[in-house]
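To start, the structure itself, in structure tokens.
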Amino acid sequence: MYELLSEPVRRYIRDKRWEVLRPIQLAAIGKILGGEENLILASRTASGKTEAAFLPILSKVDFSAAGVKVLYISPLIALINDQFNRVEELCQYLDVKVTKWHGEASKGEKNKLVKNPQGIVLITPESIEAMLANAPHNAVNLFSTMQYVVIDEIHSFIGSDRGIQLKSLLARLQGLNVGKFLVVGLSATIGDYDSAKKMTGDVANTKVLLDKNAKEMEAEFRFFEMEGVDLPIELLKDLYLSTRNNKVLIFPNSRGRAEEIAVKLSKLSARVGGHGNYFSHHSSVDKELREYIETFAKTNVRYPFAITCTSTLELGIDIGSVEQVVQVDATFSIASLVQRIGRSGRREGEISKLLFYATDKWSLLQSLACFALYREGYIEPLVSSAKPYDILWHQLLAYVKQLSGCSKSVLLSKIQANYAFRDIKLEAVVDIIEHLITHDFLEQIGGELIIGVEGEWIVNSRDFYSVFKTEANYKVVNYDRSIGEIPFSPQIDLDQNLLLAAKIWKVIEVDHKAKKIAVIPANDGKKPLFFGAGADIHPRIRERMLEMLYESAIISELAEPAGEVVREMRKEFQGYRIESLTDDRPLLLKDSSCQLFSFQGSRINKSLSFLFKTSGTEVQYTEHNSSFVFSGGKQAVDLAIAKAREVLADIDFHLENAVIAQPGLIDFSKWALHLPLKYKCEILLERYFDFSGVAGFLDSLNPVLHSGNLE
DNA sequence: GACCTGCTGCGGCTTG
């Protein structure tokens, strides 16, 4: 394969002193040089996927004519900046120009590229959106002779609104292109590659190259029950002693918890004269501070450090030196667990290590289930929306803006040619266009559609280019220094203390007009409050949790008392006369109430809860242990289920009423609030609830009592 | 029990 590469590329490989090419690289070289197919390159992090795409593309593509030849699309600015250095180094061997194009990139460099379109461009989806909206002529000049689009971390787009937008943008770029460009997607190991293939728009002409080689890995599960709102001191001491000499990433599931751990470990360390390299890294920590932490961790080889982080360090840039990963309470998905495990032991010959802490028994069981499924090779599939009416609404405005107005038939033909909206019926598109006109987002003048009065506000706002929602934040500053940004909560008041960026601060001024909180260092404080919905948990995880309770195999990774906790749970649940793990569900009778454990995914649980409430049943739903508490005994449950099924039989009617009564139901989507009622309901049915799943569940559901409750 | 992601154009200022 090496011989097939062009001479400058081979020289680069020689200078790098790479003795062998990685399996994914060899496979990609053959496919890219030999064929005209779209590709998905899937392998674990740090396996050389970027080079797998660029070595052959640079050997194949002729860069001598004007025009950008390769477009690299990334979900993160930080990743673009990181990849720029690698790609540019390689491109120097071929005299190919590389340009960064994102919101924080140099305007001067962008202007130079516009004057002299050439080489490779590294860009974000939102920057493509902005260019198409504001300077479509630039997009034509730059991208009309493009031959390859490389999409990095393509798994992060699949199943999300941003992924639909990206598909639509690729279709819009194909529309500008004189030829046809090929797509190469770089993916982590995921659950199903069909959805990845769909990203390219041409499933039949997309091949998946999969390197299943996983790293060897060790795990240990520890248990420290949490009683109040703060983590047990014993857990923190144990965590400190287990990590104090290592380079470690700690993943709690929230920003507040990340701050709590960083501050408390740092205090413990200071008390015994340990290292001071304790950081917190999440979306509320100031961006420059986060970059400093990333650079420190990337370049430092000698000193131990601990970074407590959220999913900010799950994707993207590689901190090669991480020796140990700690997960505090269960991840929401197996995909996320896989990514986090992959953050350690990146060096050749190193073993990935995962240290797991649970603070309650359900979290312990959930993480054991995720880990078991990971070992069994299962990762939950990512489903992308077939009928993204909200993104369609957004893209209709984007098309009209890009074209500076167009006829209705042109707009319709653009949508029909756009594979992101392939499954949406023509009548629905017409319907939504009419709705845009009636509400002044579009305006019809003669045969032309132009942006309407209400639409102008939207398309000319900075917020137009993205399809995801963000919270309104207050800036936290210490004199001139920015610490970060947090959502305002009543807890933030004069003389109150809070934790941020791994330090304790006292609030000395709150400026609501400027949305600014002034702080000074302090000695003791509470973690700030954050709001937000967690990710949905896939039903397979809950099913596996139930299976786990009815298995007797000893789990060797459990450290005491975690083992005892699992034995207790098994003893408790084996008292229910479960015969079918798919249909039977434990029903715990109490004095005047009873608790049904559904062992179902979040969407089925949310749907069940909706049905119970709508049919007038008072029920207490807890997602954490997937349970519903009813007042009364088994008859009350049977009655509630019967009533729920009546609502289910007429779900469209009940859902419409609910959306009218509580418009906030649709808040998970940024643009859906502008849609006609009917489409709001369809979005809820497709993306938030799972009523067909509920129907299947209720059809076979058999609540089973504990043997101690019988007769 | 509660994640993450990105962002134009232009006027007006300072600085070399």
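Fair warning: this is a prediction, and the values are worked out from it, not measured in the lab. In what follows, every chain begins at residue 1, and chains take the letters A, B, ... in the order their sequences are listed.
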Inset, instruction - Would you mind reading off the distance between A/E153 atom CD and B/dC4 atom P, rounded to a whole angstrom? - result: 16 Å
Legend entry - A/R255 vs B/dC4: side-chain N/O to OP1/OP2 distance below 4.0 Å: yes
Inset, instruction - Tell me whether the OP1 or OP2 atom of B/dC4 has a side-chain N or O from A/T310 closer than 4.0 Å. - result: yes
Inset, instruction - Starting at the 5' end of nucleotides 8-16 of chain B, put B wherever the base has a protein heavy atom under 4.0 Å, S where only the sugar-phosphate does, and a dash everywhere else. - result: BS-------
Inset, instruction - May I ask you to decide if the ring planes of A/Y357 and A/F224 are parallel, tilted or perpendicular, using 30° and 60° as cut-offs? - result: tilted
Inset, instruction - Among B/dC3, B/dG1, B/dC4, find the nucleotide with the atom closest to the side chain of A/S254. - result: B/dC3
Inset, instruction - Determine, answering yes or no, if A/F468 is stacked on B/dT5 under the 5.5 Å centre rule and the 30° plane rule. - result: yes
Inset, instruction - Report yes if a side-chain nitrogen or oxygen of A/R290 is closer than 4.0 Å to either non-bridging phosphate oxygen (OP1 or OP2) of B/dT5; otherwise report no. - result: yes
Inset, instruction - For A/I77, answer base if it contacts any base atom (sugar-phosphate contacts may also be present), sugar-phosphate if it contacts only those atoms, and nothing otherwise; contact means non-hydrogen atoms under 4.0 Å. - result: sugar-phosphate
Legend entry - Results of side-chain hydrogen bond (donor to acceptor under 3.5 Å, both in side chains) for A/N625 - residues two or more places apart only: A/S627
Inset, instruction - Using a 4.0 Å heavy-atom cut-off across all strands, classify A/E129 as base, sugar-phosphate, or nothing. - result: nothing
Inset, instruction - Scan A/D463 against the nucleic acid and name what it touches under 4.0 Å (heavy atoms): base, sugar-phosphate only, or nothing. - result: base
Legend entry - Contact nearer the 5' end of DNA chain B, comparing A/A78 with A/T622: A/T622
Inset, instruction - Please report, rounded to the nearest Å, how far the C1' atom of B/dG1 is from the OH atom of A/Y621. - result: 11 Å
Inset, instruction - Output yes when A/R172 and A/E129 qualify as a salt bridge under the 4.0 Å nitrogen-oxygen rule, no when they do not. - result: yes
Inset, instruction - Tell me which nucleotide among B/dG6, B/dA2, B/dG1 gets nearest to the side chain of A/T124. - result: B/dG6
Inset, instruction - To the nearest Å, give me how far apart CG (A/L364) and C1' (B/dG1) are. - result: 15 Å
Inset, instruction - For A/N473, enumerate each residue passing the side-chain hydrogen bond (donor to acceptor under 3.5 Å, both in side chains) test, keeping only those at least two apart in sequence or located in another chain. - result: none
Inset, instruction - Can you sort out the partners of A/S602 under side-chain hydrogen bond (donor to acceptor under 3.5 Å, both in side chains), two or more places apart, ordered by chain and number? - result: A/E623
Inset, instruction - Round to a whole Å and report the spacing from CD1 of A/I123 to C1' of B/dG6. - result: 12 Å
Inset, instruction - Please determine, for the side chain of A/M226, which listed nucleotide (B/dC3, B/dT5, B/dG1) has the closest atom? - result: B/dG1
Inset, instruction - Take atom CD1 of A/I158 and atom C1' of B/dT5, then tell me their distance rounded to the nearest Å. - result: 16 Å
Legend entry - Contacts of A/E485 that satisfy salt bridge (Lys or Arg N to Asp or Glu O under 4.0 Å) - sequence neighbours left out: A/K475
Inset, instruction - Check if the side chain of A/T470 and the base of B/dG6 share a donor-acceptor pair of N or O atoms closer than 3.5 Å. - result: yes
Legend entry - Whole angstrom value for the distance that separates P of B/dG1 from CG of A/D360: 7 Å
Inset, instruction - Mind checking side-chain contact (heavy atoms from CB on, under 4.5 Å) for A/I190 and listing every partner two or more places apart, or none if nothing turns up? - result: A/H155, A/I158, A/S187, A/Y193, A/A196
Legend entry - Atom-to-atom span, CZ of A/F157 to C1' of B/dC3 - whole angstrom: 16 Å
Legend entry - Interatomic distance, A/H281 NE2 vs B/dT5 C1' [rounded to whole Å]: 13 Å
Inset, instruction - Determine, for A/Y688 and A/K606, whether the Lys NZ or Arg CZ falls below 6.0 Å from the six-membered ring centre while staying within 45 degrees of the axis. - result: yes
